[in-house]
Amino acid sequence: MQIIDGKATAAAIKQEIADSVKQLIAEGHRRPCLAAILVGHDGGSETYVHNKVMACEACGFDSRLIRFEDTVSQAELLACIDSLNADDGVDGFIVQLPLPAHIDKTRVIEAIRPEKDVDGFHPVNVGRLAIGLPGFISATPLGILTLLRRYGIDTKGKECVILGRSNIVGKPLSQLMMQKGYGDTTVTVCHSHSSDIAATCRRADILIAAIGRPGFVTADMVKPGAVVIDVGTTRVPDAGRKSGFRLSGDVCFDEVAPLCSYITPVPGGVGPMTICMLMLNTLAAARHEYYD
Ligand code: GUN
């Protein structure tokens with residue numbers, strides 16, 4: 001069994017991005033620039049956005065953080081998006097989710113120009129992935145595929161089972177894992193209405209858990225030799241930690257790990273790759289790789 005080290009892989013990729021930025025600057029380009037819109041003061045969102053800004057620094061990008069109180073109107077938010085869409089100094093931007101209930105998330109995502117949608121959430125980018133056209137692919141699915149590639153894990157023709165059908169992870173991941181030249185796997189997606197999830201999981205050569213239920217995947221659900229990817233990052237109370245919580249994955253790591261050929265830990269597996277892929281998408285935006 002080999003542990004897939006997302007932290008080390010992400011650090012190596014960030015270094016590669018920083019080297020590419022040096023090259024861009026030497027060619028006379030300005031630094032890539034990522035902007036982030038953060039609404040309110042949710043603890044998780046604050047941490048994610050802070051880490052994104054830090055990653056920009058590590059990669060040699062410029063970054064802008066635009067903050068609104070959670071009383072911001074939808075019109076104000078859309079006006080901010082319009083100004084970032086038109087700003088030639090910004091290559092890509094994100095609106096950190098979740099948003100307050102009075103704001104229509106879909107309207108917000110649809111307002112972002114697909115050329116600057118480095119989260120890959122806009123329907124145009126989601127659709128381009130579905131039909132195999134180049135475009136921005138959302139960071140968590142791209143991070144998972146990148147980990148599989150970097151560890152030399154052959155996915156072609158394998159059975160892939162994905163737990164979860166969220167718009168951010170499960171759905172785009174299912175597209176990516178079946179896409180020609182990407183995953184090339186046979187994909188099954190399980191969700192809250194699926195029957196006999198354990199039996200489906202036992203068929204998987206590659207099992208990817210993204211349901212946000214700590215410890216859901218147990219040893220009896222895993223085929224010996226499977227590759228297990230844990231996307232879960234649920235905060236569970238832990239009085240022994242300074243923060244008062246720890247991150248828990250969707251997989252019972254201790255009982256599942258001995259069965260696997262490869263497994264991602266939580267933390268230190270998929271998580272660090274997500275921000276790193278956002279940086280890669282921003283670099284691609286700065287280079288106009290997908291859209292002229
Ligand atoms: N909230 C949780 N994950 C993400 C992400 O990848 N992008 C954005 N914008 N918000 C998130």
Side-chain angles (χ1 to χ4, degrees), residues 1-23 32 34 44 47-61 63 118-120 137-155 158 160 162 168-169 172-173 176-177 182-183 185 205-210 214 217 222 225-235 238 241-243 245-284:
M1 183 273 294
Q2 196 178 341
I3 291 183
I4 295 179
D5 188 341
K7 203 171 162 191
T9 308
I13 294 173
K14 272 191 260 180
Q15 187 54 54
E16 291 163 22
I17 296 172
D19 293 343
S20 299
V21 170
K22 281 191 194 127
Q23 181 82 28
L34 173 71
T47 305
Y48 285 133
V49 169
H50 172 76
N51 290 343
K52 288 169 187 179
V53 169
M54 298 301 284
C56 281
E57 204 166 303
C59 292
F61 295 177
S63 65
V118 285
D119 258 335
I137 298 172
S138 79
T140 303
L142 191 58
I144 292 169
L145 193 80
T146 303
L147 280 177
L148 295 170
R149 288 251 173 93
R150 293 232 168 189
Y151 274 79
I153 296 166
D154 184 20
T155 55
K158 300 280 166 62
C160 176
I162 298 169
I168 292 186
V169 184
L173 187 57
L176 197 62
M177 289 306 288
Y182 286 94
T185 65
D205 301 306
I206 300 159
L207 178 60
I208 308 175
V217 176
V222 177
V227 176
V228 174
I229 306 291
D230 190 348
V231 189
T233 49
T234 307
R235 287 181 168 194
D238 185 340
R241 303 278 173 105
K242 213 171 89 187
S243 62
F245 68 86
R246 67 187 152 80
L247 292 182
S248 176
D250 289 345
V251 177
C252 268
F253 185 89
D254 290 346
E255 63 176 70
V256 168
L259 288 168
C260 302
S261 54
Y262 293 88
I263 186 167
T264 60
V266 176
V270 174
M273 291 297 288
T274 299
I275 289 181
C276 179
M277 294 299 106
L278 177 66
M279 300 298 118
L280 211 52
N281 280 347
T282 304
L283 180 63

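Hydrogens, waters and symmetry mates are skipped; everything else that's a heavy atom, side chains included, is used.
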Leu283 vs Ser20, side-chain contact (heavy atoms from CB on, under 4.5 Å): CA-CA, chis, key distance, verdict: CA-CA 9 Å; Leu283 180 63; Ser20 299; 3.9 Å; yes
Atom of Lys14, atom of Ala58 and distance for their closest heavy-atom approach: CD-CB, 4.5 Å
Distance in Å, Met277 CE paired with Thr282 OG1, rounded so as to fall on 0.5 Å steps: 11.0 Å
Residues that Gln15 engages under side chain to side chain contact (heavy atoms under 4.5 Å, CB included), provided they are two or more places apart: Ala18, Asp19
Minimal non-hydrogen separation, Met177 against Ile206, with atom names: CE-CD1, 4.4 Å
Thr47 vs His50 side-chain heavy atoms within contact, under 4.5 Å: no
Partner residues of Arg150 under the side chain to side chain contact (heavy atoms under 4.5 Å, CB included) criterion, sequence neighbours left out: Thr9, Ile13, Glu16, Thr146
Note, Phe253 side chain near Ile3 side chain (heavy atom, < 4.5 Å): yes
Exam field: side chain Thr155 to backbone Gly183, donor-acceptor pair closer than 3.5 Å: yes
Neighbour count above 12 (heavy atom, 6.0 Å) for Lys7 NZ: no
Residue pair Leu247 / Pro267: nearest heavy atoms and the distance that separates them: CD1-CB, 4.4 Å
Matching residue for Ile144 among Val231, Ile162, Ile4 - test: side-chain contact (heavy atoms from CB on, under 4.5 Å): Val231
Whether over 12 other heavy atoms sit under 6.0 Å from Met1 CE: yes
Residues which pass salt bridge (charged side-chain N to carboxylate O under 4.0 Å, His left out) with Asp5, listed by chain and number, not counting sequence neighbours: none
Pairwise distance CG(Asp250) to OG1(Thr234) - rounded to 0.5 angstrom: 6.0 Å
Asp238: partners by salt bridge (charged side-chain N to carboxylate O under 4.0 Å, His left out), with sequence neighbours left out: Arg241, Arg246
Heavy-atom closest contact (Gly6 atom, Pro272 atom, distance): O-CB, 3.9 Å
Side chain to side chain, Leu148 and Ile229, heavy atoms closer than 4.5 Å: yes
Leu207 vs Val217 side-chain heavy atoms within contact, under 4.5 Å: yes
Beyond-backbone contact of Val53 with Asn51, side-chain heavy atoms, under 4.5 angstrom: no
Contact check, side chains of Ser138 and Asp119, non-hydrogen atoms, under 4.5 Å: no
Residues which pass side chain to side chain contact (heavy atoms under 4.5 Å, CB included) with Cys56, listed by chain and number, not counting sequence neighbours: Leu34, Phe61, Ser63, Met279
For residues 254-264, run the donor-acceptor check on the side chains, cut-off 3.5 Å, and write out each pair with its distance to 0.1 Å, sequence neighbours left out.
from   : atom 1 : to     : atom 2 : distance (Å)
Glu255 : OE2    : Ala219 : N      : 2.7
Ser261 : OG     : Gly225 : O      : 2.8
Ser261 : OG     : Ala226 : O      : 3.3
Thr264 : OG1    : Asp230 : N      : 2.8

Leu173 and Thr140, any side-chain heavy atoms less than 4.5 Å apart: no
Intermediate values then yes/no, side-chain contact (heavy atoms from CB on, under 4.5 Å), Asn281 and Leu142: CA-CA 10 Å; Asn281 280 347; Leu142 191 58; 3.8 Å; yes
Where Ala210 and Val169 come nearest, the two heavy atoms and their spacing: CB-CG1, 3.7 Å
Contact summary for Val251 and Ala209, nearest pair of heavy atoms: CG2-CB, 4.2 Å
CE-CG distance between Met273 and Leu278, expressed to the nearest 0.5 angstrom: 12.5 Å
Sub-4.5 Å side-chain heavy-atom contact between Tyr182 and Ile137: yes
